[in-house]
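In what follows, chains are A, B, ... by sequence order, proteins preceding strands, each numbered from 1. None of the values given here were measured: they were computed from a predicted structure.
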Amino acid sequence: MSIIRVALDKPLNILFDYLAPAGVTKQDIGCRVFVPFGKGRMAGVIMEVASHSDISPDKIKQADQVFRDVPPLPPELLDLFRFCSEYYHHPLGEVVMNGLPARLRSSQPFFIRTAPAIFQYRLTAKGRAVDISAIPGRSIAGRKLLVKLKESGMIEDGEAKQFSRRTSEVMKEFVALQWVEEIPVAPPVVPASSPQETQALPVLTTAQKNAIDAIVPKMGEFNTWLLHGVTGSGKTEIYLRLISLLLRQARQTLVLVPEINLTPQLEAIFRARFPGVRLASLHSGLNPTERAEGWVQAQLGEAEIILGTRLAVFTPLPRLGMIIVDEEHDLSFKQQEGLRYSARDVAVFRAKRAGIPIVLGSATPSLETYYNAITRRYLLLRLPSRAADNASLPTVHCIDIGKIKTQEGFSPPVITALEKCLASNQQSLVFINRRGYAPILLCRACGWTAVCHRCASRLVVHLREKKLRCHHCGHQAGFPSLCPECGNQDIAPFGHGTQRIEAALTRLFPHARIARIDRDSTRRKNSWQRILKDIREQRVDMLVGTQILAKGHDFPNLSLVSILNPDASLFSTDFRASERLFAQLMQVAGRAGRSGTLGEVLIQTEFPDHPLYRALRQHDYDTLARMLLEERKTARFPPFVHQALLRADAPAIATALAFLANAATMAKAPHQIEVFDPVPAQMARLKGMERAYLLVQSRSRKKLQEFLGSWRTKLDSLPSHKVRWTLDIDPLEF
DNA sequence: AGCACGCCGACT
DNA sequence: GTCGGCGTGCTC
């Protein structure tokens, strides 16, 4: 027992053997270890302990130090890493180290703060006497804090921290001034055996009740449940009931959500429902230490609910009882670089191994998931109507802009509807999936358009900043006054983006309060949360925005959704474009009329009879999904085949294509495997790199995997000057 | 991936 | 004469 095999963050598909430090046993498998490597030293994870090594003894170095600061990674997690390494054909060391929070990847030991201190801050008599003007006006955090304290007398740590990053400092000053006193709160005993659900629980709809009755008897076994519920049908309430059940059994629940935007919302709901229950929130908005702390709490079994984005699927969870993947169709579950894993698929595998249920929730399931459900590999639960008493699904109308002319992007019926909405104090939403002022800068004389020189894309006009921007690489350019091609002055923005629509709305409705919501307007930290608050508190009449608005937010007073130009992706070359467009439109449409008021959705299109819009009008996901599945079947697309992409990047497209051609010859297409011709990627140039890919597919996942395994060893030995290649399993983008 | 070693062009 | 280009090969 003197050799340890260590996973290191290196693009090599091997473990590295080291002489173990004294006293190392099999108990240390899963511990982090510090080792010499090349001329430096680095941190890794002990994957195996062995008695001998095949490496010649003179090469083997002595490992420096085994870290026992946190418990070793449990065997199930190491298995999960091995599975990912094999399935995604990615080096094990990179998989393992990618799964650890950054703070634990470093060579610094991590000191667990035992019993993370929770404090209450109570306003003293002295503090009560302080006038708000005693705090300088520029100390916004200080003022907010004092106002809050005067309102409620006391505040908890966690709540205070939400005001601003400065809060803890300010609070220290308050304590020093004896305005507040600090009272330690005893942390809840672990595990909280009975969740204190104090408030009256909402009455369940029949569909919700049926769903819960179906899952509850099978809580102890693996099943993949698809919870297919229209927007507003109350999926969250089902999650809450199931979690509550697990809390009573002292088991942990892992909840995966798409992106950080939704995390605070769901976190607030969970905390309100289960006060006193330890919830670890793992998202990219945390600093490395916070992230590691949440992770360790999960690993120690202290955190009972773990809420996080895709990376959270790799959290060690000793008492895991269920996994929930909310908005399972969301693309952000798939990592698009490095280890290209799908957190949703990894979660299903993890649940299967652990013998626990997994619930995939969506109003618009991915076709892969839906297919699994209708073929009974997954168990399907439906919530066909909205949960709130008086809420029904919005009416959807198409406006044929082939027949009715638009002005500044708006057709007369949309303008009228917006007017009516404004007059009756209802909020409206204008959806246009394009940031910036206009997508194109065009010379009317010669047809020249501004393009990015690093990407195969057009530059987008950002009028306010007087800049042209590439939305793919971030490149910025000034605004030319003449056409660089023909010298003509007649160059102008063409088409509509959110900024232009916002400007048009401001002209049309000068008295309306208009908010633009896109990546540009929500870039700054907390600005999205602020806008959301403004919307909820009715300080906004009209919202203009991109797909950010489509995602899971509840706008109670919103009654009109206008969708401006969705046609572009109807006839796209990407076979998933229709599925995505439909999901997106269904999601935005679902923002309308979620409580009380009847919602209305207006779609401006040149193809009002297209089946996609017909399905949308009838809120009929199933018919369209089945139709799209039929198309996929005849065209031999997923989910009827399994795909893998060999991607190659090179400075010149010919180099990338030549490499792929070589790779294709090596493949010697075995039985049941289709190897296609190398082709340039959709975005043929990105950030100065030319990109191409080679598609491989098979009806048998197993056959495809076997093939990929042997192919990859050959690829490793292929000359690849100037070419960077990766395998992308179950690719979503081409 | 880094980072070495190694073999050929323009510079103080 | 060297400094440095990046092609090739190794890391326990």
What is the nucleic acid contact for [X], judged by heavy atoms within less than 4.0 Å: base, sugar-phosphate only, or nothing?
{"X": "I60(A)", "value": "sugar-phosphate"}
{"X": "L19(A)", "value": "nothing"}
{"X": "F37(A)", "value": "base"}

Interatomic distance, [X] [atom1] vs [N] [atom2] [rounded to whole Å]:
{"X": "M42(A)", "N": "dC10(C)", "atom1": "CE", "atom2": "C1'", "value": "15 Å"}
{"X": "R724(A)", "N": "dG2(B)", "atom1": "CZ", "atom2": "P", "value": "10 Å"}
{"X": "N13(A)", "N": "dC10(C)", "atom1": "CG", "atom2": "C1'", "value": "16 Å"}
{"X": "D17(A)", "N": "dC12(C)", "atom1": "CG", "atom2": "P", "value": "11 Å"}
{"X": "K10(A)", "N": "dG9(C)", "atom1": "NZ", "atom2": "P", "value": "19 Å"}

message: Between the side chains of R699(A) and E674(A), is the shortest nitrogen-to-carboxylate-oxygen separation below 4.0 Å, so that they form an ion pair?
response: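 Salt bridge flag = no for R699(A) with E674(A).
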field: Side-chain N or O of H721(A) closer than 4.0 Å to phosphate OP1/OP2 of dT8(C)
entry: yes
query: When you check the phosphate oxygens OP1 and OP2 of dC3(B), does a side-chain N or O of K39(A) lie under 4.0 Å from one of them?
result: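 Answer no for this pair, as no side-chain N or O of K39(A) is under 4.0 Å from OP1 or OP2.
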task: Identify the two heavy atoms, one from A20(A) and one from Q62(A), that lie closest to each other, and give their separation to 0.1 Å.
output: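 Taking A20(A) first and Q62(A) second, the nearest heavy atoms are O-NE2, 3.3 Å.
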query: Just checking, is any N or O donor in the side chain of S362(A) or H329(A) under 3.5 Å from an acceptor N or O on the other one?
result: yes
- prompt: Between R701(A) and Y87(A), does any side-chain donor sit less than 3.5 Å from a side-chain acceptor?
  reply: yes
- request: Could you work out which one of dG7(C), dC12(C), dA1(B) sits closest to the side chain of P11(A)?
  value: dA1(B)
message: Closest approach to the side chain of K722(A), judged atom by atom: which nucleotide of dG7(C), dA1(B), dC12(C) is it?
response: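 Of the options given, the side chain of K722(A) lies nearest dG7(C).
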